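Only a predicted model underlies this, so the values are computations on that prediction, with no experimental measurement involved. All values below come from the heavy atoms of this structure, side chains included, with hydrogens, waters and symmetry mates left out.
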Protein chains: 2
Amino acid sequence: MTNDPSRPLTLRDVSEASGVSEMTVSRVLRNRGDVSQATREKVLEAAKALGYVPNKIAGALASQRVNLVAVIIPSLRNMVFPEVMSGISKVLEETELQPVVGVTDYMPEKEERVLYEMLSWRPSGVIIAGLEHTDASRAMLKASGIPVVEVMDTDGKPIDSAVGISHRRAGREMAKAILKQGYQRIGFMGTKMPLDHRARKRFEGFTEALAKEGVEVVDQEFYSGGSALAKGREMTEAMLSRDPELDFLYYSNDMIAAGGMLHLLDKGIDIPGEIGLAGFNGVELLQGLPRQLATMDACRTEIGTRAAQIIAARVENPDIELDKIVELTPTIAFGDTLKRR
Amino acid sequence: MTNDPSRPLTLRDVSEASGVSEMTVSRVLRNRGDVSQATREKVLEAAKALGYVPNKIAGALASQRVNLVAVIIPSLRNMVFPEVMSGISKVLEETELQPVVGVTDYMPEKEERVLYEMLSWRPSGVIIAGLEHTDASRAMLKASGIPVVEVMDTDGKPIDSAVGISHRRAGREMAKAILKQGYQRIGFMGTKMPLDHRARKRFEGFTEALAKEGVEVVDQEFYSGGSALAKGREMTEAMLSRDPELDFLYYSNDMIAAGGMLHLLDKGIDIPGEIGLAGFNGVELLQGLPRQLATMDACRTEIGTRAAQIIAARVENPDIELDKIVELTPTIAFGDTLKRR
DNA sequence: ATGAAAGCGCTAACAC
DNA sequence: GTGTTAGCGCTTTCAT
């Protein structure tokens, strides 16, 4: 059936096999223009019999159109990004567009390389995490002339447009909620800052809102690498041995918070009476823990859908006027670990 | 600096800006052939000043080479696949090759579509999860004439080559280990089978090895969707209320096993004395749980590196002779939940 | 409804 | 060391 030729099949092969001109074959394969039912069937049959797969490279070059959307994210191991991805996919599946993922490992230079690689395939749009990029990256994005959506974060000035939440505000809101419940001696644990601008901004918003009420973070600790659950345990143990009088622990992500929770439960500490806890992200993954963790939903899927919608709309109509910044509002989930004491 | 022209920049623009022929510009930009230091600098300067990004579409069409490797996986939300990905990336980063991810959501028809899309970009190789594909998918892969590595599973006949573990054997080994520790009344919980061939094979191997010793699974339950941790809890609770005399629970993945563990600890049940537990995958994520879960490492990163090495080697030299099947050996981690009682 | 010609932006192959 | 020529496999445009 599919004879295995050393030379890849071309339109011409289908044309010859079906006795129809290349041009008409092309029309059939793309459902374009008027083609008689008879020829259409002949062509389809021949293409299928040969096992012909069109060459998009040639097609893209000729048509000057590429139905790819570059999605550039820091990592696949942080569940946040796959969730954004699935929002993107859901929307793009209804269009001709296809997402292509590039991973930067939180490294600006790698982001630059990945971006260059992807742009050299002339995608129809770019969705890229964060607002912080090298000058070269920003220049490339501007020069590309295609729609660019920076996602996750709205604290800054987008190159083209942005969809996300304000992490500074998220930090502030959580601080206010914690203070409101009467907690006063607060410790913070998170990822090493320079790698993660959004965690840094949350922390800044957090301390800022505390300061406004005359409260300061009693102790803080940062980690990088390793199993987050285990790190959460370790850091929590270390911090509590340094500062036994802490009454609240704010973590920059849910995984380390969960580790901290498990440690506290091991020690028989009353949550949230003795110590309250909060994380960030609202990872569905963790439903099923002994206590429902207080956290803040980062609107991950919606960020993906909104970003993809912007790209789709602007591919459809490049002149369309859209909001430059879409700021979504994360909601606090109080769970069982942040309660009035 | 980067004037934003409505027309994308081409080699010709760089050629004109630098006063060097297109061909030589092309050579400089690809570090090919001998170019004098002087012209090289002129060209690089002009390209940078203009913000030129080469058009890989045209390049690929002309050179008949595409440095892309299609990686086709069922999902990004299951941590297994990002880990395979990172093994792949690590190896490909040392080469000219670049991975491009496609996601199938465990749906054969979607796999077929994604494969068709990716093959139409004429990648240099394909890494695809599993050995089960539609006839059309197999035909496309065969006809593509490029190296294909099927990963994760070695229980079957690969199209071209395969790297993975034998899930049937993994199930058998776990069954033997459990029986050896004296457990006898065993329950099984896992994902709904038709979606996940590897989980099914593990289960088959498991029951087979039990049968050999005259033991049958007392009860079994399958789930789909939802938070795995929570599902693990629910299913475990339900199963124990049906069969209070169970002494071991085997789960098809670590997340539901962790949920089960948390439930048992809540109930004050002695692990592994009263009931033993085992999962599958060795997810690093879960280090830090109250008990170290018994599990089996699925060699995820190594699967990725080996697969990528095969692709790289065969792109380098298409005639190279390599093993058709690379079967890795998963190791059991006994943890704290599978112990001699 | 179908076909013929031109060319997308680059690189292989060959001159010089 | 550098330039010229001829395509790569499609689609656009225009003719029929």
Side-chain angles (χ1 to χ4, degrees), chain A residues 5-44 46-47 50 52-68 96 117 119-124 144-145, chain B residues 5-44 46-47 50 52-68 96 117 119-124 144-145:
Chain A
S6 56
R7 178 183 55 76
L9 293 161
T10 69
L11 256 192
R12 157 169 248 113
D13 295 307
V14 182
S15 165
E16 285 169 0
S18 61
V20 176
S21 80
E22 284 189 46
M23 197 52 238
T24 302
V25 171
S26 167
R27 280 195 267 257
V28 171
L29 264 21
R30 287 175 299 144
N31 297 309
R32 285 283 170 76
D34 293 322
V35 181
S36 73
Q37 190 56 34
T39 26
R40 152 170 264 97
E41 275 166 22
K42 253 194 301 186
V43 168
L44 255 18
L50 292 171
Y52 171 69
V53 177
N55 185 331
K56 285 224 179 192
I57 296 172
L61 185 62
S63 67
Q64 305 282 62
R65 276 184 284 97
V66 177
N67 65 339
L68 263 23
E96 299 278 67
E117 281 296 320
L119 288 180
S120 70
W121 287 101
R122 300 290 188 264
S124 292
S144 71
Chain B
S6 55
R7 176 184 57 74
L9 293 161
T10 69
L11 255 193
R12 160 168 245 114
D13 295 307
V14 182
S15 165
E16 284 170 1
S18 62
V20 176
S21 80
E22 285 189 45
M23 197 52 233
T24 302
V25 171
S26 167
R27 282 196 265 255
V28 171
L29 264 23
R30 289 177 298 143
N31 297 309
R32 284 287 169 76
D34 292 321
V35 181
S36 74
Q37 191 56 31
T39 25
R40 154 170 262 96
E41 276 166 20
K42 255 194 300 187
V43 168
L44 255 19
L50 292 170
Y52 172 68
V53 177
N55 185 330
K56 285 223 178 192
I57 296 172
L61 185 60
S63 67
Q64 306 281 58
R65 276 184 285 98
V66 178
N67 65 339
L68 262 25
E96 299 278 67
E117 281 295 321
L119 288 180
S120 70
W121 286 100
R122 301 289 189 263
S124 292
S144 71

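For the pair Val66(A) and Arg122(A), the tightest heavy-atom approach, listed with the atom from each and the gap, is CB-O, 3.1 Å. Considering all non-hydrogen atoms of both residues, Tyr52(A) and Leu9(A) come closest at CE1-O, 3.6 Å.
Which of dG9(D), dC10(C), dT11(C) sits closest to the side chain of Ser26(B) comes down to dT11(C). Comparing atom distances between the Thr24(B) side chain and each of dG9(D), dT12(D), dG3(D) picks out dG3(D) as nearest. Taking every side-chain heavy atom of Thr39(B) into account, dT2(D) is the closest of dC10(D), dG1(D), dT2(D). Side-chain atoms of Met23(B) lie closest to dA13(C) of the nucleotides dT2(D), dC10(D), dA13(C). When distances are taken from the side chain of Val20(B) to each of dG3(D), dC8(C), dT11(D), the shortest belongs to dG3(D). Distance from the side chain of Val35(A) is smallest for dT2(C) among the nucleotides dA12(C), dT2(C), dT12(D). Of the candidates dT12(D), dT11(C), dC8(C), dT11(C) carries the atom nearest the Arg30(B) side chain, counting heavy atoms from C-beta on. Minimum atom distance to the side chain of Ser36(A) is reached by dT2(C), of the listed dT2(C), dC10(D), dC8(D). Which of dT12(D), dC8(D), dC8(C) sits closest to the side chain of Leu61(B) comes down to dC8(D). Which of dT2(D), dC10(D), dG9(C) sits closest to the side chain of Arg27(B) comes down to dT2(D).
Taking side-chain N and O atoms only, Gln64(A) has no distance below 4.0 Å to OP1 or OP2 of dG7(C). For dC10(C), one of the phosphate oxygens OP1 or OP2 lies less than 4.0 angstrom from a side-chain nitrogen or oxygen of Tyr52(B). Regarding contacts with the backbone of dA4(C), every side-chain N or O of Ser21(A) stays at 4.0 angstrom or more from both OP1 and OP2.
Contact annotation: the side chain of Leu29(A) approaches that of Leu11(A) to within less than 4.5 Å [non-hydrogen atoms, C-beta and beyond].
Arg27(B) pairs in a side chain to side chain contact (heavy atoms under 4.5 Å, CB included) with only one of the listed residues (Val35(B), Thr39(B), Val43(B)), which is Val35(B).
Rounded to whole angstrom, the span from the CD atom of Glu16(A) across to the P atom of dG9(D) amounts to 13 Å. We find that CG of Asp13(A) is positioned 13 Å from C1' of dC10(D), with the value rounded to whole Å. When the P atom of dG3(D) is taken as reference, atom CZ of Arg32(B) falls 19 Å away, rounded to whole Å. Here dG7(C) presents its P atom at 23 Å from CD1 of Ile57(A), a figure rounded to the nearest Å. One interatomic measurement links the two molecules: CZ of Arg7(B) to C1' of dC8(C), which rounds to 13 Å at whole-angstrom precision. Atom CG in Leu11(B) sits about 15 Å away from atom C1' in dT4(D), given to the nearest Å. Rounding to whole angstrom units, CG of residue Leu29(B) and C1' of dT11(C) are separated by 13 Å. Going from atom CH2 of Trp121(B) over to atom P of dC8(D) covers 19 Å, rounded to whole Å.
A distance of 4.0 Å separates OG of Ser26(A) from CE of Met23(A), quoted to the nearest 0.5 Å.
Note on Asn55(A): only backbone sugar-phosphate atoms sit closer than 4.0 angstrom, heavy atoms only; bases stay farther off. Looking at heavy-atom distances under 4.0 Å, Arg40(A) makes no contact with the nucleic acid at all. Within 4.0 Å (heavy atoms only), Arg122(B) reaches no atom of the nucleic acid at all.
Each of Glu22(A) and Arg12(B) has a nearest nucleotide on DNA chain C; the 5'-most of these lies closest to Glu22(A).
In terms of modelled atom types and a separation under 3.5 Å, the side chain of Ser120(B) and the main chain of Asn55(A) share no donor-acceptor contact.
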